[in-house]
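Just follow the structure's listing: the first ligand is 1, and inside any ligand the first atom is 1.
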Amino acid sequence: MPKYWYNIAADLPKAPPPVLHPGTLQPVGPDDLAPLFPMELILQEVSTEREIEIPEPVREIYRLWRPSPLFRAHRLEKALGTPAKIFYKYEGVSPAGSHKPNTAVPQAFYNAQAGTRRLTTETGAGQWGTSLSFAGQLFGLEVLVFQVRVSYDQKPYRRAVMETYGARCLPSPSTETEYGRRVLAQRPDHPGSLGIAISEAVELAAQRDDTKYALGSVLNHVLLHQTVIGLEAMEQLQMADAWPDVIVGATGGGSNFAGIAFPFIGHGLRGGARPRVVAVEPAACPSLTRGKYAYDFGDTAHLTPLTKMHTLGSTFTPPPFHAGGLRYHGMAPLVSHLKELGLIEAVAYTQTQCFEAGVLFARSEGIVPAPEANHAVKGAIDEALRCKREGRSETILFNLCGHGHFDMAAYQKYFAGELKDETYDERELAMALAGLPSVPEPV
Ligand SMILES: Cc1ncc(COP(=O)(O)O)c(C=O)c1O
């Protein structure tokens, strides 16, 4: 198990654009972020050190499920008739069932160390809310989770797990915050979005000194914590005498993708082999393939700083498709920056294409993937089929970021032929993009 997290900021050929204060349009400093995050996490957010030590109490908890297994998907290869070798890292072995505890645990640790008593957060699929509930409990923190309404209704047992870990979980938009009440007044049946849930969590965190906010993706420190995935995979692949030609990950806010890919990209930037790296996103919320690379807010109420990222516009509400964790309007600034530098590629697939891939995976490898993870499965299968067409035996590595045990209603709908390929409203996208804040390009 790694002793350090890997920080890709140390190896980038060009620094990413600064995060800006929305009032002054000047770069934010640590003090601007202090109402929301403990200083250790803020320092990680801006660090350019290549390696950041994982504190021993965090490693001790990681040991409950880490190192996570790396599998060779022999049966999937056979089912596809591909000469490619497919490896996958399985993050569904964590207590929450996904990669999210990799960052929930250090975030809870640094908050507890700084004297925080309560954490607020958002959750889409419920994976992140579950993870922070678990981590908060271990460090004696109260946790309040705003779960996106559509996912709260689709997956009632996620709330039960959060409550089992001692957290409180509310559907978002909620009546608990001023912003939630405003959204509900306009549209009482609003399905919610991650952008709205973030606004609610940030609003409450900013009101009380003993309360901080925790984000499950997007930010640099979250991506940093997830690099344990790729660092472990490097060692495990070496044991199998293998190295990836292609790396595939699903992208919502970008954290599990960064987790598996950044250590390999960094290795390439330092002169090592450079694998192709493919980000897979949902066609119904395609920030990397259809979004604009521009400064935007991370939330819908515009309470956060401005970051330059691929965005569909902070007011964009994606249709209620089943990969709740991928329904975010923006992409991590670091992932967006790598896309701009040409160091990664991106593709988008519809939800039925992804479920079809997930079912083939379950029938050959035995694990039922989360709908989010099905995007990576689909991406890896398409790469393996390309290898078959081209007669190449490339090595493909993908991140199976979570299991789908709480998503069986979605699978049932898929088998009943009721799952539709939801598309977003082009007019709504145009309106959301037209509403992007105007930020002068630095000269
Ligand atoms: C299983 C799973 N995968 C992926 C994601 C998307 O987040 P990220 O892109 O940060 O990995 C989520 C988010 O909730 C998730 O639950």
(message) Tell me whether K100 reaches ligand 1 (any heavy atom closer than 4.0 angstrom to a ligand atom).
(response) yes
(request) Output yes when the distance from some N or O of ligand 1 to some N or O of G253 is under 3.5 Å, and no in every other case. (result) yes
(message) Restricting to non-hydrogen atoms, name the atom on H99 and the atom on Q226 that form the minimum distance, rounded to 0.1 Å.
(response) O-NE2, 3.0 Å
(message) Tell me whether E422 contacts the main-chain N or O of F321 through its side chain, where contact means a donor paired with an acceptor under 3.5 Å.
(response) no
(request) Check whether any N or O atom of F257, backbone or side chain, sits under 3.5 Å from an N or O atom of ligand 1, and answer yes or no. (result) no
(request) Could you list which atoms of ligand 1 come closer than 4.0 Å to a heavy atom of A125? (result) 16 (O)
(request) Please confirm whether H310 and Y293 have ring centers closer than 6.0 angstrom. (result) yes
(request) Please confirm whether the backbone N or O of R50 pairs with a side-chain atom of N7, one donor and one acceptor, at under 3.5 Å? (result) no
(message) Parallel, tilted or perpendicular: which one describes the rings of Y88 and F361, with boundaries at 30° and 60°?
(response) perpendicular
(message) Aromatic contact between H221 and W5, with the criterion being ring centroids under 6.0 Å apart: yes or no?
(response) no
(request) Would you check the N or O atoms of W128, main chain and side chain alike, for any that come under 3.5 Å of an N or O of ligand 1? (result) no
(message) Assess, by modelled atom type and distance only, whether the side chains of Q44 and H225 contain a donor and an acceptor separated by less than 3.5 Å.
(response) yes
(message) Do K155 and F406 form a cation-pi contact, if we require the NZ or CZ to be under 6.0 Å from the six-membered ring centre and within 45 degrees of the ring's axis?
(response) no
(request) Just need the protein heavy atom nearest to atom 10 (O) of ligand 1, so name the residue and atom and give the distance. (result) S217 OG, 2.4 Å
(request) With heavy atoms of S255 as the reference, note each atom of ligand 1 found under 4.0 Å away. (result) 8 (P), 9 (O), 10 (O), 11 (O)
(request) Just jot down the ligand 1 atoms closer than 4.0 angstrom to any heavy atom of L326, in number order. (result) 6 (C)
(request) Consider every N or O of S98 and every N or O of ligand 1, then say whether any pair is closer than 3.5 Å. (result) no
(message) With respect to G254, determine whether any N or O atom, backbone or side chain, lies less than 3.5 Å from an N or O atom of ligand 1.
(response) yes
(request) Identify the heavy atoms of P57 and F109 that sit nearest to each other, and give their distance. (result) CG-CE1, 3.6 Å
(request) Provide the number and element of each atom of ligand 1 under 4.0 Å from a heavy atom of Q127. (result) 1 (C), 16 (O)
(message) Is the distance from the ring center of F355 to that of Y411 below 6.0 Å?
(response) yes
(message) Return the closest protein heavy atom for atom 3 (N) of ligand 1 as residue, atom name and distance.
(response) C401 SG, 3.2 Å
(request) Please report which non-hydrogen protein atom sits nearest to atom 6 (C) of ligand 1, along with the residue it belongs to and the distance in Å to one decimal place. (result) G325 O, 3.3 Å
(request) Decide whether an N or O pair under 3.5 Å exists between H99 and ligand 1. (result) yes
(request) Please state which part of T251 comes within less than 4.0 Å of ligand 1, counting heavy atoms only: side chain, backbone, both or neither. (result) backbone
(message) Can you tell me if A373 contacts ligand 1 (heavy atom of the residue under 4.0 Å from the ligand)?
(response) no
